[in-house]
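Along the sequence shown, residues carry numbers from 1. Because the structure is predicted, anything quoted here is derived from the model rather than measured.
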Amino acid sequence: MTAAATTGRPALLPVRRRVEHVDIDASGVVHFARYPSMLESAALENLDRLGVGLDALARDGLDLVVAEMSMRYHASARFLDRLDLEISVLHVGAASFRLSGTVLRARPGSEPESGSEQQSEPENEPENEPENENGSGREEEPRRLSTGVFVFGVVDRTTGAVRPLPEQLRKSLKECRHDADI
């Protein structure tokens, strides 16, 4: 059961996606530059779901911008891996907010909490993993692949001048935060 279900508060939900060919580099693993893009997309999808995303900001003549970003890489993903992208609110200020994100390898057989997966299941996917040298199938792989922190701000669409966060955006983000020290 999610925090939103038990508290009645809105929540940022995990987003499921599958690694596509465009995500990988020549060595067959996800290129490092794709992880921030995936996490930003998961953040934007959550903001849209809460009604405070890019469309809502555009109606007010505003744009969302990334002011800072840092990433840490822990393990690699490969073509057709399923990933869970988790986003959480770290801080909400007057003119910016900070989100953290984690890219996780989805557990086999798990369903995404949000029900969002960007690519449909292939119909001819093999049911059994190839055996490794000890005959036990695919070795246990790290689940956490990368983590990142984003600082977002809001600017005027015409002038690019920094603007305060709209009240509905601030309120929604604060409600999604798990602790109350904002």
Side-chain angles (χ1 to χ4, degrees), residues 2-5 7-20 22-23 25 30-77 83-106 112-119 144-182:
T2 67
T7 64
R9 295 180 358 186
L12 300 178
L13 300 176
V15 173
R16 170 79 45 98
R17 81 179 297 274
R18 191 165 203 166
V19 175
E20 300 174 13
V22 69
D23 297 321
D25 61 19
V30 174
H31 189 272
F32 74 93
R34 298 298 291 165
Y35 292 98
S37 177
M38 290 178 199
L39 287 175
E40 181 187 26
S41 293
L44 294 175
E45 184 174 320
N46 270 284
L47 293 176
D48 284 343
R49 187 182 48 74
L50 295 171
V52 294
L54 296 177
D55 288 342
L57 291 169
R59 285 190 294 272
D60 292 334
L62 302 171
D63 270 331
L64 191 64
V65 296
V66 175
E68 288 180 43
M69 184 220 35
S70 65
M71 292 295 299
R72 178 163 291 200
Y73 301 94
H74 308 281
S76 298
L83 306 177
D84 287 330
L85 311 170
E86 297 181 350
I87 303 295
S88 61
V89 178
L90 295 175
H91 175 75
V92 181
S96 67
F97 59 95
R98 189 170 47 247
L99 302 179
S100 68
T102 304
V103 178
L104 301 163
R105 187 180 327 280
E113 197 171 318
S114 67
S116 173
E117 186 162 351
Q118 294 182 353
Q119 186 170 336
R144 186 174 63 166
L145 304 177
S146 67
T147 53
V149 175
F150 294 82
V151 177
F152 290 91
V154 174
V155 297
D156 182 279
R157 287 188 81 134
T158 305
T159 67
V162 174
R163 295 290 181 240
L165 297 179
E167 187 54 36
Q168 187 58 44
L169 176 59
R170 282 179 49 79
K171 180 178 182 267
S172 293
L173 290 169
K174 285 184 175 186
E175 289 174 350
C176 289
R177 177 126 183 217
H178 294 292
D179 44 14
D181 67 341
I182 300 177

Sequence neighbours excluded - side-chain hydrogen bond (donor to acceptor under 3.5 Å, both in side chains) pairs with any residue from residues 152-167: D156-T159
Nearest heavy-atom pair of S146 and M71: which atoms, and what distance? OG-CE, 3.7 Å
Which atoms form the tightest heavy-atom contact between E86 and P14, and what is the distance? CG-CB, 4.1 Å
CG/L62 to CG/L169 distance, rounded to the nearest 0.5 angstrom? 9.5 Å
Student check: side-chain heavy atoms of V149 and L99 closer than 4.5 Å: no
Could you tabulate the donor-acceptor pairs under 3.5 Å formed by side-chain atoms of residues 32-40, not counting sequence neighbours?
from	atom 1	to	atom 2	distance (Å)
R34	NE	D23	OD1	2.8
R34	NH2	D23	OD1	2.6
Y35	OH	A77	N	3.2

For A42 and L85, work out which heavy atoms get closest and say how close. CB-CB, 3.8 Å
Considering only heavy atoms from C-beta outward, does the side chain of D25 approach that of V30 to under 4.5 Å? no
Quick one: OG on S172 to CG on L50, what's the gap to the nearest 0.5 Å? 5.5 Å
For A43 and I87, work out which heavy atoms get closest and say how close. N-CG1, 3.9 Å
Sort out for me which residue in R144, R105, R18, R16 forms a salt bridge (Lys or Arg N to Asp or Glu O under 4.0 Å) with D84. R16
L44 vs L54 side-chain heavy atoms within contact, under 4.5 Å: yes
If I compare all heavy atoms of P166 with all of L57, which pair ends up nearest, and what's the gap? CG-CD2, 3.6 Å
Show me the pairs that pass side-chain hydrogen bond (donor to acceptor under 3.5 Å, both in side chains) and involve residues 93-103, at least two apart or across chains. S88-S100
At what distance, to the nearest 0.5 angstrom, does CD of E45 lie from CG of L12? 11.0 Å
Residues passing the side chain to side chain contact (heavy atoms under 4.5 Å, CB included) test with A56, sequence neighbours excluded, are R59
Listed once per pair and sorted, the side-chain hydrogen bond (donor to acceptor under 3.5 Å, both in side chains) pairs that draw on residues 64-75, sequence neighbours left out: H74-T147
Return the minimal non-hydrogen interatomic distance between L173 and F97, and the atom names on each side. CD1-CG, 3.4 Å
For F152 and V65, what are the C-alpha separation, side-chain angles and deciding distance, and is it a side-chain contact (heavy atoms from CB on, under 4.5 Å)? CA-CA 6 Å; F152 290 91; V65 296; over 6 Å; no
D63 and V154, any side-chain heavy atoms less than 4.5 Å apart: no
Do L104 and L83 have side chains that get closer than 4.5 Å, going by heavy atoms? no
Qualifying residues under salt bridge (charged side-chain N to carboxylate O under 4.0 Å, His left out), relative to D48, sequence neighbours excluded: none
Spell out, as yes or no, whether a donor-acceptor pair under 3.5 Å connects the side chain of N46 to the backbone of L13. yes
